[in-house]
Amino acid sequence: RFKCDWSSDVCSSDLAAPGENVTVQGNWADAQPAAVAATPEGTWSVKIKTPKAGGPYVITVTAANVLTLHNVLSGEVWVCSGQSNMEMPMKGYGAGAVVNWDQELAESNIPEIRMITVKKCVADTPKDDFEGAWAVCAPETMPDFSATGFSFAKALYKALGVPIGMIHTSWGGTPAEAWTTREKLLADPDLKPILDRYDAAKAAYPQALADFNLAVGAWEEAVKKAKAEGTPEPERPKAPADPLGPWTGGALYNGMIAPIVPYGIRGAIWYQGESNRDRAYQYRKLFPTMIQCWRESWGEGPFPFYFVQIAPFNYREEAGNPATAELREAQMMTLSLENTGMAVTMDIGELPDIHPHNKQEVGRRLALNALAKTYGRAIEYSGPVYTSMAVEGDAIRLNFSHADGGLATSDGQAPTCFTIAGDDKNFVPATAAIDGSSVVVRGDGVTAPVAVRYGWKDIDQPNLCNKTGLPSSSFRTDDWPGVTINNR
């Protein structure tokens, strides 16, 4: 079954007349016309039996006028969303194109891949439309595609041999709450403080704006006086920030998700988390809530939702800051939600750049999840996942799933970035050795170990992987309170 069709045509039309009869007809074999009467508001929708994967097909819409959609393909449609790492185009930011850029550009004539980008929009109530147009993948259009979205689509296209469409809706620097409905946030006491902050700022904004306007008037008079007297001009007052922005709870759901909800999709991919790292414990609830919010909105059941775990990056804070690891932990915990999967990027992060350039590998790892879990391919899709531990004298043995054939390291050296602690909770650097599908960890001076952590600093770039080369997530064996536990 294929979820959707879409067109490369850029079309526009007025709403139908109230009660006007509209008929939709496809040109494929066994296509049956579908007819409907427009609502009093002039809106209408129909469901038609989609053709087999491929095309191009033609769809004709007949009412008082006739609208013909050409070059329509039928295939697999996915939503790709998140913050700047999803937004980052193939041409990169500035001069920072993706790796192997010349080869990617030379091989970009793939008309069976299409992408539409939702124009950025903040809204305080749900929108029913957006600005955007489908683009056919070609050397002229590929550079502006989401690099992660395109790489995912390309990997699926190569594996499945059917057209792939991507609906791209992302905004750099945005938190997950902006992509979640207000109703969902209000329903959870742990998430409600997000909206309380906004509501308080919204209530205070009119007075702040009035005070600003008064200050500007006084400043203008002061400037005139300074010019007349030949003295330095005072600095202009700073305007108060509008509380409704891309960081506001519900604002991007309203402007950039609600308008695409009627579109049938196979699933979604997501790359976000950096903007929530200082509230990682809250993200344990927020992220699953957002996923469930989308699923309820589409009404298609628990559709596949695959996401990227954030990579190591030097936030230039204290060297041992674990906030990033705590956010990754929250992402890992979200895997308990039905029909989810995660692409780990511990090995391809770039400490000086929060936007890793190997987006092809990010997209490939997301596609591995989709191919295994959505399309039923018998392939490994995950790196080693910590499952349990056992104390063995002065050592701790760690056991892993997704380690068939044994564990390995990406550089052939001993496993790195392990720390170990006794009941004093003082973690010290540890030595680690692979033993089949487990890792044995020891630390100098720790004779009675109780806990191990792996890759638990922002700047850690560890090397543990399985024989397929997929890396392990950062993890810990303890549940001691973290640094972000009280942040709401």
Side-chain angles (χ1 to χ4, degrees), residues 1-28 30-51 55 57-75 77-79 81 114 116-134 165-169 179-184 186-187 244 250-268 290 292-303:
R1 296 178 60 193
F2 297 90
K3 303 293 284 189
C4 280
D5 16 274
W6 65 93
S7 172
S8 65
D9 289 15
V10 179
C11 302
S12 62
S13 63
D14 293 331
L15 293 171
E20 183 176 10
N21 291 321
V22 180
T23 301
V24 180
Q25 174 71 63
N27 76 331
W28 49 89
D30 300 324
Q32 297 295 321
V36 68
T39 67
E41 293 76 29
T43 62
W44 58 270
S45 66
V46 297
K47 290 186 178 181
I48 59 175
K49 183 178 180 181
T50 52
Y57 299 105
V58 175
I59 296 177
T60 303
V61 183
T62 304
N65 61 328
V66 177
L67 179 65
T68 303
L69 305 179
H70 299 279
N71 194 18
V72 177
L73 299 183
S74 177
V77 178
W78 290 76
V79 171
S81 185
R114 310 278 174 92
I116 186 169
T117 295
V118 176
K119 185 177 180 179
K120 292 178 179 178
C121 177
V122 170
D124 56 2
T125 57
K127 296 281 189 178
D128 59 8
D129 201 1
F130 69 92
E131 292 185 39
W134 284 104
M166 303 298 297
I167 302 174
H168 171 224
T169 177
W179 301 94
T180 310
T181 62
R182 281 185 59 93
E183 292 74 17
K184 281 291 188 182
L186 283 170
L244 179 63
L252 299 187
Y253 176 90
N254 290 334
M256 300 177 68
I257 298 297
I260 66 175
V261 164
Y263 208 102
I265 60 172
R266 174 64 78 184
M290 190 205 82
Q292 292 168 328
C293 167
W294 287 22
R295 288 173 170 174
E296 291 173 10
S297 297
W298 256 275
E300 295 187 8
F303 60 72

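- From Glu131, atom CD reaches atom OG1 of Thr117 across 12.5 Å, with rounding to the nearest 0.5 Å.
- For the atom pair Asn254 CG and Thr180 OG1, the distance stands at 10.5 Å (nearest 0.5 Å).
- Residues that satisfy the side-chain hydrogen bond (donor to acceptor under 3.5 Å, both in side chains) test with Gln32, not counting sequence neighbours, are absent from this structure.
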Given Ile257 and Thr169, is the side-chain contact (heavy atoms from CB on, under 4.5 Å) satisfied, shown in steps?
CA-CA 7 Å; Ile257 298 297; Thr169 177; 3.8 Å; yes
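- In this structure the side chain of Trp179 reaches within 4.5 angstrom of the side chain of Met256, judged on heavy atoms.
- Listed here is the closest heavy atom pair of Cys293 and Lys184: CB-CG, 3.8 Å.
- Side-chain atoms of Glu20 do not come within 3.5 Å of backbone N or O of Ala63 as any donor-acceptor pair.
- Put simply, the side chain of Val261 reaches to within 4.5 Å of the side chain of Tyr253, judged on heavy atoms.
- Closest approach of Ala251 and Leu244 over heavy atoms only: CB-CD1, 4.0 Å.
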Intermediate values then yes/no, side-chain contact (heavy atoms from CB on, under 4.5 Å), Glu300 and Ile265
CA-CA 9 Å; Glu300 295 187 8; Ile265 60 172; 4.1 Å; yes
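- Qualifying side-chain hydrogen bond (donor to acceptor under 3.5 Å, both in side chains) partners for Thr23, counting only residues two or more places apart in sequence or in other chains: none.
- Tested against Tyr263 for a side-chain contact (heavy atoms from CB on, under 4.5 Å), the candidates Ile167, Ile116, Val79 yield a single pass: Ile167.
- Only one option out of Val46, Leu67, Thr68 pairs with Val61 in a side-chain contact (heavy atoms from CB on, under 4.5 Å); it is Leu67.
- No side-chain heavy atom of Lys49 sits less than 4.5 Å from a side-chain heavy atom of Asp30.
- To the nearest 0.5 Å, atoms OG1 (Thr181) and CE (Met290) are separated by 11.0 Å.
- For the residue pair Gly255 and Lys127, the shortest heavy atom distance occurs at CA-CG, 4.0 Å.
- Relative orientation of the Phe303 and Trp298 rings is perpendicular, given thresholds of 30° and 60° on the angle between their planes.
- When all heavy atoms of Ile48 and Ala34 are compared, the pair lying nearest together is CG2-CB, 3.6 Å.
- Judged as a side-chain hydrogen bond (donor to acceptor under 3.5 Å, both in side chains), and not counting sequence neighbours, the contacts of Trp78 are Tyr375.
- Taking 4.5 Å as the limit, every side-chain heavy atom of Pro259 sits out of range of all side-chain heavy atoms of Asp128.
- Counting only heavy atoms from C-beta outward, the side chains of Tyr57 and Asn27 approach each other to under 4.5 Å.
- Listed here is the closest heavy atom pair of Ala38 and Ala17: CB-O, 3.5 Å.
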Could you walk me through whether Glu41 and Thr39 pass the side-chain hydrogen bond (donor to acceptor under 3.5 Å, both in side chains) check?
CA-CA 5 Å; Glu41 293 76 29; Thr39 67; 3.3 Å; yes
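- Here CG of Leu69 is found 13.0 Å from CH2 of Trp134. Values are rounded to the nearest 0.5 Å.
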Show your reasoning for whether side-chain contact (heavy atoms from CB on, under 4.5 Å) applies to Trp28 and Ser74.
CA-CA 11 Å; Trp28 49 89; Ser74 177; over 6 Å; no
